Amino acid sequence: MRIFIPRDAAALAVGADKIATAVRAHAKTLGVDVQVIRNGSRGMLWLEPLVELDMPDGRIGFGPFTLADIPGLFADPAAHPKALGKVEEIPFFARQHRLTFARCGVIDPLDLEDYRAHGGYTGLARALSLGAADTVAEVKASGLRGRGGAGFPTGIKWETVRTAPGPQKYIVCNADEGDSGTFADRMIMEGDPFALIEGMTIAAVAVGASRGYIYLRSEYPHAISTMNAAIAKAERAGMLGAAVMGSAHAFELQVRVGAGAYVCGEETALLDSLEGKRGQVRAKPPIPALVGLFGKPTIVNNTISFATIPFIFEKGAKAYADYGMGRSRGTMPVQIAGNVKHGGLFEVAFGITLGELVQDVGGGSATGRPVRAVQAGGPLGAYFPPALFDTEYDYEAFTARDGLIGHGGLVVFDDAVDMARMARFAMEFCAHESCGKCTPCRIGAVRGAEVIDRIITGQDPVQNLSLVQELCETMKFGSLCALGGFTPYPVMSAIRHFPEDFAPAVMPVAAQ
Amino acid sequence: MKNSTGNVVHAPQSWDSVFAEQIIEEHMALEGPMLPILHAIQAAFGFISEDAMRLIAARLNLSRAEVYGVVSFYHDYRQAPAGRHVLKLCRAEACQSMGGEENAEHLLRRLGLDWGQTTPDGRLTVEAVYCLGLCACAPSALLDHEVHGRLDAASLEQLAMEAL
C-alpha cells in the first residue's frame, strides 16, 4: 500500500517526520507492506500533516494527523476519526484551478520518472521543436506576467533578451521569497522542483543562455536541499548539462544561497548579490534584460513564473490564457495566511474577489473573531478593510484601490489588531532591510517609525499624521526600488482605512 | 566537509588558516564566489573573523573594506560566535497576527535576554527572522535547522528549554 506523508517544510514544522517514522514502524509491527512516499504539500496547510492512503478509487486524506492517530489507520481507513474522504474532493482543493501546482503534493518530488508520467518535460520537448522565436511567441500568447509582484509581461522580457547581442546570457530565478504571507516558491521547490528546472531550461533554449542560477533564500533550508538534489538528478538524466535532452543546447544550473537580506528580492540587488557584492539596488536603465548578471543580457523571473512555463508548453498558450480576467491571464497561487481558519495555497484564475478568498475559501479568522484587515502582497502591500472585500483579484483592480497583489500573499488579522502598530512595523521593517542607497528609504523609514511613535503616544497627533503622509510621498517618489517606494502602501492604507487606531489613547490636553 | 587535518567537521571549529585557504580555493572556479565562500567559512568556524576577511580579500584581490562591506551587509553573517544553538523566531506580519510577538516577549523575559543575545552559559542565541515561509501555520520558529509551527507561549518555551 502506498502512503503519502509530506516533506514540505510546513508539514515538517508540525511533525511530519515523526509521523513518517512512526507509521513505518507501525506497519512493520502489523506486517503490512507499505511504501511511504514523501510528497510535497497539497497546500491545505491547516490539515498538515496531511497523510494520504492510496486506495483503489483515489487517495484518501487524514489530517491534521498526530502520532495518536496511527492505530486504526490501516484497519478501517474510512472509519478513522481523522478521515477526510477523497483529498481532491475537499472543497478547498476542488474549487481550485491547479495548473502551476498540478503535480505539487501528488508526485514524489525527486522522482524524475513520476514527473514525466505527469506530463513533465513534454513542454521542453515542444520548445526544442518550436525554436527560439516561436518559443518566445508562445510565452507572449499565454499572457503570463511576472509573478514576483511587478506583473511585467514575461514574453516581452524574454524577447528583449533573445534579441540582445552577446555570446553569454544568463537565466536567473528569483527565489528570494521574503514577503510575509507568501510560500508559493517554497512549496513548488519542495513539491515539484523539476517544474522550475524545466521552466528555466525552456527560457535558456528560447534566448540562447548557457548558464542559470536560482537565488534561493537561506531561510528555506529544505527547498535548498530539494533543489540541489533535483538538479543533480536532472544532470544525470541529461536534462541539464552539455546537451539538454539530446539537443545542441547546453544549460548548466546552480543554486546560490542568499544571506538574509530582504532587499535582494529586488532584481538588481539580487544580481549584485549573485556577483558577490552588497545587495544594493541598481538604477534602471540599463534594464537587466540588456545589462544584467556580470553585465550580460539576463532573464530575471520569479520562481512561479518559471514553474508555470512547462504547463504553457505542455497544454498550449491558449489553455493558460483562457483563465483569468482583463489583462491578468491565467492563474495565481494565492497564499492565504496569518489569522485564518483554512490557511494555505489556493491556485485560482484571476477575477475571484478578495472577500471570497478570505471568508469563503479561508473560512474567516482562526480565532473566530471578526476579520478586521487583510494585508495583500507582503510587507510592502496595502491593508484592506472588509469594506473593500469586493475588490477582484487582478493586477489592475488592486492598483485602482491603492494596493497590489504582489507575489500573491494575503495575511489576515482579526479585530485584536492595532493598525498603528502595524503601520509602525512597516517603517521599522523598511529601516531594518534598507540597502541604504536612497536617502528617503534609509533615513525616511527611521524617521517614519519615530513619528508614528509620537502619534501613538499622543504628541501633536494632527501635525505628526500630516508629517507621516508627507514623508510617505517623499519615500514613494524618491526611492529607486519597491522597498522605499512601496512601504508607504501599508502605512497610508492603515491611516486611511483605520483612522480610529491613530487617535491618541490619551488626549494631549488631559496628559498635560 | 573536512578540515586540514582530515577530520569531518560538524560543530564550528577554531581558526585554522590552512583549512580556510582550502575552503576558499574550493570555490574559486565559481562565478561570483564571495557569498558561497562566506557561507562555507561561517559553516566551518561559526563566524567570519578578521583573519578570514583578510584571507578572502587577498585571494579575491579585493580590499579588506570591500569584504567587510559584504559581511556587514547581510544579516546571516556573524562577526562573533553565536551560542551552541540558535533559535530564530519569526517576527513578520503573519506570525504577528497569531500572537508571535507576545510569545517571543514571554520567552525573552523568561531567559532574561533581548533579541540577538545569548544565554550566559553560551548555549542558546535567540534571534529575529523575517519570514520562514510557514505563514499558514504561524507562529513559526527555526531551531538550528529544524522548523517549528503553530507555536504558543508554552510550546515555544518548551522548545527553547530543549536546547538549554
Side-chain angles (χ1 to χ4, degrees), chain A residues 9-10 12-14 45-46 48 177-183 185-187 211 213 217-223 254 256-262 273-280 293-294 335-340 343-345 366 375 378-379 409 411-414 417 422 425 429 432-433 435, chain B residues 27 30-40 42-43 48 56 60 62 66-78 88 90-102 127-151:
Chain A
L12 300 181
V14 290
L45 296 175
W46 80 97
E48 293 291 0
E177 183 178 53
D179 289 358
S180 175
T182 68
F183 42 84
D185 296 358
R186 186 186 61 65
M187 260 186 65
R211 279 191 179 174
Y213 292 100
R217 61 200 302 262
S218 61
E219 292 86 346
Y220 285 180
H222 302 90
Q254 275 182 27
R256 281 298 172 87
V257 179
Y262 175 77
S273 182
L274 265 179
E275 291 179 8
K277 302 172 188 157
R278 293 160 68 87
Q280 281 198 315
L293 187 61
F294 301 108
Q335 300 125 80
I336 309 170
N339 193 333
V340 67
L345 183 136
Q375 188 178 27
V411 178
V412 180
F413 293 83
D414 71 10
V417 67
M422 299 318 295
F425 175 78
F429 183 72
H432 190 257
E433 298 296 337
C435 83
Chain B
H27 293 87
L30 298 177
E31 294 183 307
M34 176 76 93
L35 266 64
I37 288 174
L38 292 173
H39 279 311
Q42 182 154 302
I48 317 278
I56 294 166
L60 298 185
L62 296 169
E66 282 169 297
V67 178
Y68 175 77
V70 174
V71 172
S72 59
F73 181 86
Y74 295 97
H75 300 306
D76 280 2
Y77 298 133
R78 304 176 188 286
K88 294 188 178 189
C90 179
R91 298 190 74 186
E93 290 91 335
C95 288
Q96 289 184 33
S97 79
M98 289 299 283
E101 285 296 282
E102 291 75 14
E127 290 180 340
V129 65
Y130 292 90
C131 200
L132 296 168
L134 305 170
C135 320
C137 37
S140 65
L142 187 68
L143 177 61
D144 300 325
H145 298 291
E146 211 178 79
V147 282
H148 296 270
R150 292 183 199 143
L151 292 163

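Small disclaimer: the values here were computed from a predicted structure and weren't measured. These values consider heavy atoms only, across backbone and side chains, with no hydrogens, waters or symmetry-generated copies.
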**Q** Please determine, among A:A261, A:G260, A:G343, the option with the most heavy-atom pairs under 4.5 Å with chain B.
**A**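 Top count of heavy-atom pairs under 4.5 Å with chain B: A:G260.
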**Q** Say you draw a straight line from CD of A:E275 to CG of B:L35; how long is it, rounded to the nearest 0.5 Å?
**A**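 Nearest 0.5 Å value for the CD-CG distance: 11.5 Å.
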**Q** As an exercise: rank A:D179, A:V257, A:T182 by heavy-atom pairs under 4.5 Å with chain B and give me the winner.
**A**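 Maximum pair count with chain B is reached by A:V257.
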**Q** Taking side chain as everything from C-beta outward and backbone as N, CA, C, O, which of these in B:V70 sits under 4.5 Å from a heavy atom of chain A? Side chain, backbone, both or neither.
**A**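 Contact with chain A: backbone and side chain both.
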**Q** Relative to chain B, which of A:G276, A:G338, A:A259, A:P221 shows the most heavy atom pairs under 4.5 Å?
**A**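 That would be A:A259.
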**Q** At a heavy-atom distance under 4.5 Å, which candidate from A:M422, A:R217, A:E177 has the highest pair count against chain B?
**A**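 That would be A:R217.
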**Q** Could you pull out the closest heavy-atom pair between B:G133 and A:Y220, with the gap in Å?
**A**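 Answer, listing the atom of B:G133 first, then A:Y220: CA-OH, 3.7 Å.
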**Q** Between A:V411 and B:A94, which heavy-atom pair has the shortest distance, and what is it?
**A**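 Looking at all heavy atoms of both residues, the shortest contact is CG1-CA, 3.5 Å.
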**Q** Pick from B:M34, B:Q96, B:H75: which one has the most heavy-atom pairs with chain A under 4.5 Å?
**A**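 Most heavy-atom pairs under 4.5 Å with chain A: B:H75.
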**Q** Locate the shortest heavy-atom distance separating A:G279 from B:Y74; write the atom from each residue and the value.
**A**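 Closest heavy-atom pair between A:G279 and B:Y74: N-OH, 3.2 Å.
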**Q** For the pair A:F429 and B:Y130, evaluate side-chain contact (heavy atoms from CB on, under 4.5 Å) and give the outcome as yes or no after the intermediate values.
**A** CA-CA 9 Å; A:F429 183 72; B:Y130 292 90; 3.6 Å; yes
**Q** Given heavy-atom pairs under 4.5 angstrom as the criterion, report whether the side chain, backbone, both or neither of B:L62 touches chain A.
**A**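 No part of it gets close to chain A.
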**Q** Counting heavy-atom pairs under 4.5 Å to chain A, which of B:V129, B:L142, B:L132, B:L151 comes out on top?
**A**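 Top count of heavy-atom pairs under 4.5 Å with chain A: B:L132.
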**Q** Write down the atom of A:G181, the atom of B:C131, and the distance for their closest heavy-atom approach.
**A**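 Of all heavy-atom pairs spanning A:G181 and B:C131, the closest is N-SG, 4.4 Å.
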**Q** Out of A:H222, A:Q335, A:H432, A:E433, which one racks up the most heavy-atom pairs below 4.5 Å with chain B?
**A**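 Going by pairs under 4.5 Å, I would pick A:H432.
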**Q** Tell me, yes or no, whether the heavy-atom count around B:Y68 atom OH, taken from other residues, nucleotides or ligands under 6.0 Å, exceeds 12.
**A**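 Counting other residues, nucleotides and ligands, OH of B:Y68 stays at 12 neighbours or fewer.
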**Q** Is it true that B:E31 and A:R211 have a side-chain N and a carboxylate O under 4.0 angstrom from each other?
**A**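 Looking at A:R211 together with B:E31, the answer is yes, because their closest N to O distance falls below 4.0 Å.
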**Q** So which of B:E93, B:H145, B:H39 has the biggest tally of heavy-atom pairs under 4.5 Å with chain A?
**A**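 Of the candidates given, the most pairs with chain A belong to B:E93.
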**Q** Would you compute the distance between atom SG of B:C90 and atom CD of A:E219 and round it to the nearest 0.5 angstrom?
**A**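 Result: 9.5 Å between the selected atoms.
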**Q** With rounding to the nearest 0.5 Å, note down the distance linking CZ in A:R256 to CG in B:L30.
**A**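 Going from CZ on A:R256 over to CG on B:L30, the span is 5.0 Å.
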**Q** Is it the backbone or the side chain of A:L274 that comes under 4.5 Å from a heavy atom of chain B, or both, or neither?
**A**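 For A:L274, backbone heavy atoms alone lie under 4.5 Å from chain B.
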**Q** Checking A:I336 against chain B: side chain, backbone, both or neither under 4.5 Å from a heavy atom?
**A**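 For A:I336, the contact with chain B is made by the backbone alone.
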**Q** Looking at A:S180 and B:C135, what are the two nearest heavy atoms and their distance?
**A**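 Nearest pair, atom of A:S180 first, then B:C135: C-SG, 4.3 Å.
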**Q** Below 4.5 Å, heavy-atom pairs only: which of A:A366, A:S273, A:G344 has the largest tally toward chain B?
**A**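 Maximum pair count with chain B is reached by A:S273.
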